[in-house]
J.: 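Input: one structure, supplied below.
Throughout, protein chains are lettered first and strands after them, A, B, ... in sequence-line order, and every chain is numbered starting at 1. All figures in this text were calculated on a predicted structure; none of them were measured in a lab.
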Protein chains: 2
Amino acid sequence: MGKTAENGPLANEPGDSLGRKKGQLHAEAAGKLRSMILSGELPPGERLREVQLCEQLGVSRTPVREALRTIAAEGLVDLLPNRSVVVSELHAPDLEHLFVVFGAIEGIAAELACQKITEAEIGEIGRLLAEMIDFHTRKERAPYMQINQKIHQRTVEIAANPVLHTVWQSLVPRVERARALANLDTGRWTGALFEHTKMFTALASRDGQLLAKLTREHFLNSLPFLQSRLENDD
Amino acid sequence: MGKTAENGPLANEPGDSLGRKKGQLHAEAAGKLRSMILSGELPPGERLREVQLCEQLGVSRTPVREALRTIAAEGLVDLLPNRSVVVSELHAPDLEHLFVVFGAIEGIAAELACQKITEAEIGEIGRLLAEMIDFHTRKERAPYMQINQKIHQRTVEIAANPVLHTVWQSLVPRVERARALANLDTGRWTGALFEHTKMFTALASRDGQLLAKLTREHFLNSLPFLQSRLENDD
DNA sequence: AACACCAGTCTTGTATACAAGAATTGATTT
DNA sequence: AAATCAATTCTTGTATACAAGACTGGTGTT
């Protein structure tokens with residue numbers, strides 16, 4: 001009977017050389033679910049049955065349910081009362097709303113970051129950008145996206161405004177999901193990279209006004225690619 | 001021993017004339033916890049023990065834990081791994097962070113509202129402003145605050161961006177609490193009112209840039225009054 | 001043949017039991 | 001007397017059991 005959680009992918013074996021912390025299965029489950037949704041493995045509209053997720057994640061329903069609450073608050077899934085939870089849809093009009101707001105948020109972050117950034121941090125971002133360019137030339141999309149995300153995250157951290165950080169965090173999963181789609185277009189991918197280099201120049205010279213403007217444009221430029229892609233799929 | 005959930009405050013009595021649906025205790029618990037935190041009943045830094053919350057809310061640990069995950073994703077509490085959940089802090093320095101972000105959010109709302117507002121809506125806001133001025137001259141602060149809040153809310157609604165609306169709603173309770181304090185100062189009260197009239201002029205002439213600027217300033221001007229007041233209390 | 005109704009099944013919602021990780025207190029040692 | 005360690009207690013993390021609400025398929029009636 002109880003064969004559920006003994007050796008699932010999240011279970012940490014005794015000989016786990018990574019020294020992974022135990023506990024917090026719900027956090028790990030939330031992470032897993034996030035990436036499953038962002039990767040498209042769980043497409044929009046998909047009904048998520050709890051027991052099925054339990055089997056896939058190798059944990060019981062309790063952490064799965066808690067994880068679902070977490071990602072529901074992040075807007076990745078919708079909770080239907082007494083019915084299955086479903087992966088939330090990404091409609092084209094909603095996307096414009098999201099990107100307008102998110103661009104503005106990152107714009108504020110950009111301005112604040114320019115005021116507060118240190119030389120060491122400029123160097124750090126520069127190294128990340130170099131890595132990202134590298135992955136782009138090698139056409140390795142997954143690592144590229146990871147570094148891209150890291151640059152945006154570090155910028156918000158450097159802005160050093162916890163309220164801003166919280167708001168940003170609440171929006172970023174949805175944006176991340178959309179961005180994953182957008183960069184499937186190779187032309188936009190290169191364009192986005194070019195914009196990033198311009199943004200770095202503005203950051204390095206601490207031109208907050210310019211960086212904010214570039215940041216807002218960066219998001220608005222991605223929008224049409226996303227929207228056209230959404231129209232095809234859904 | 002099982003006396004926990006039979007008659008807690010969340011249990012819906014048979015004679016409940018509201019016809020409230022059963023189930024969804026976790027959602028109700030989340031709502032209760034939200035208002036307890038926003039009202040200050042659960043002050044920042046407070047350690048939340050699950051069983052204690054269970055007794056207060058009259059439910060078992062399962063919905064309480066799910067509710068905690070929800071409001072944690074909203075940033076109201078911090079989840080310490082294997083330790084108690086604590087209400088997230090917000091002191092005087094944080095207040096500046098809050099107002100910078102909130103001012104920017106309302107600034108975006110202002111710009112969007114200027115693009116979309118109808119003549120009828122301009123009239124509506126104008127009437128609200130007139131009412132507010134009336135309450136100010138009569139020194140009736142509570143109704144003044146209510147109208148004030150209504151004007152800001154209508155502006156965000158007119159902006160017609162659901163993402164923006166959600167973000168705004170997540171921040172407004174904290175701002176509202178702070179604003180209640182700030183207007184205790186009569187000088188600032190009059191100043192705020194004057195700013196509101198200028199903001200209305202900008203809105204009526206659909207000058208989004210100007211309105212956004214005035215809005216941001218409106219919040220920044222309130223800040224010093226609040227901060228001095230917080231230093232005394234906490 | 002179409003519709004309504006009922007039973008069986010599936011899925012979620014909640015409570016509780018159990019285990020493991022922290023914190024605390026008291027005793028023992030130096 | 002102070003510090004350290006051990007044992008108790010407290011708290012969180014996870015699994016499972018049970019109940020109640022939705023879905024599905026089939027049967028009977030019109």
Side-chain angles (χ1 to χ4, degrees), chain A residues 1-14 16 19-33 42 45-73 77-87, chain B residues 1-12 14 16 19-33 42 45-72 77-87:
Chain A
M1 33 168 168
K3 65 159 178 51
T4 42
E6 282 132 22
N7 47 12
L10 293 183
N12 49 336
E13 280 79 85
D16 191 342
R20 303 269 286 91
K21 57 205 168 294
K22 349 206 170 169
Q24 303 305 118
L25 286 199
H26 61 88
E28 293 189 42
K32 268 264 198 248
L33 288 173
L42 299 176
E46 178 92 350
R47 289 173 81 90
L48 302 181
R49 256 99 79 187
E50 294 177 359
V51 286
Q52 192 176 319
L53 293 178
C54 291
E55 288 162 10
Q56 288 182 50
L57 301 175
V59 297
S60 82
R61 281 180 59 212
T62 305
V64 165
R65 282 178 61 87
E66 292 177 5
L68 287 175
R69 269 33 179 198
T70 298
I71 65 174
V77 296
D78 294 325
L79 259 36
L80 310 183
N82 274 322
R83 264 190 292 304
S84 294
V85 345
V86 301
V87 178
Chain B
M1 36 148 62
K3 64 158 180 51
T4 42
E6 282 132 24
N7 47 11
L10 293 184
N12 50 335
D16 190 341
R20 303 268 288 92
K21 56 199 166 295
K22 347 204 170 167
Q24 304 303 117
L25 287 198
H26 61 89
E28 294 191 42
K32 268 268 199 244
L33 287 173
L42 297 176
E46 178 91 350
R47 291 174 79 91
L48 303 182
R49 258 98 70 177
E50 294 177 0
V51 286
Q52 192 176 319
L53 293 178
C54 291
E55 288 162 11
Q56 288 181 51
L57 301 176
V59 298
S60 83
R61 281 180 61 213
T62 305
V64 165
R65 281 178 62 86
E66 292 179 4
L68 287 175
R69 265 46 181 188
T70 298
I71 65 174
V77 296
D78 295 325
L79 257 38
L80 311 182
N82 274 322
R83 264 190 291 305
S84 294
V85 173
V86 301
V87 179

J.: Given atom CG of Leu68(B) and atom C1' of dT11(D), what is their separation to the nearest angstrom?
T.: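 After rounding, the reported distance stands at 13 Å.
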J.: Closer than 4.0 Å, any side-chain N/O of Thr62(B) to the OP1 or OP2 of dT14(C)?
T.: no
J.: Write down the atom of Leu79(B), the atom of Ala72(B), and the distance for their closest heavy-atom approach.
T.: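 Scanning both residues, the minimum pair turns out to be CD1-CB, 3.6 Å.
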J.: Restricting to non-hydrogen atoms, name the atom on Val87(A) and the atom on Leu42(A) that form the minimum distance, rounded to 0.1 Å.
T.: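 In terms of heavy atoms, the two residues are closest at CG1-O, 3.9 Å.
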J.: Where is the tightest heavy-atom contact between Asn82(B) and Gln24(A), given as atom of each residue plus distance?
T.: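 Smallest interatomic distance, heavy atoms only, reads N-OE1, 3.7 Å.
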J.: Work out which heavy atom in Pro63(B) is nearest to a heavy atom in His26(B); give both atom names and the distance.
T.: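 Residues Pro63(B) and His26(B), closest heavy atoms: O-CB, 3.6 Å.
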J.: Checking side-chain contact (heavy atoms from CB on, under 4.5 Å) for the pair Leu68(B)/Glu50(B): CA distance, chi angles, key distance, verdict?
T.: CA-CA 9 Å; Leu68(B) 287 175; Glu50(B) 294 177 0; 4.3 Å; yes
J.: Sort me out a list of protein N/O and nucleotides 8-12 of chain C N/O pairs below 3.5 Å, or just none if empty.
T.:
from, atom 1, to, atom 2, distance (Å)
dT11(C), OP1, Arg49(A), NE, 3.4
dT12(C), OP1, Leu48(A), O, 3.3
dT12(C), OP1, Ser84(A), OG, 3.2
dT12(C), OP2, Glu50(A), N, 3.2

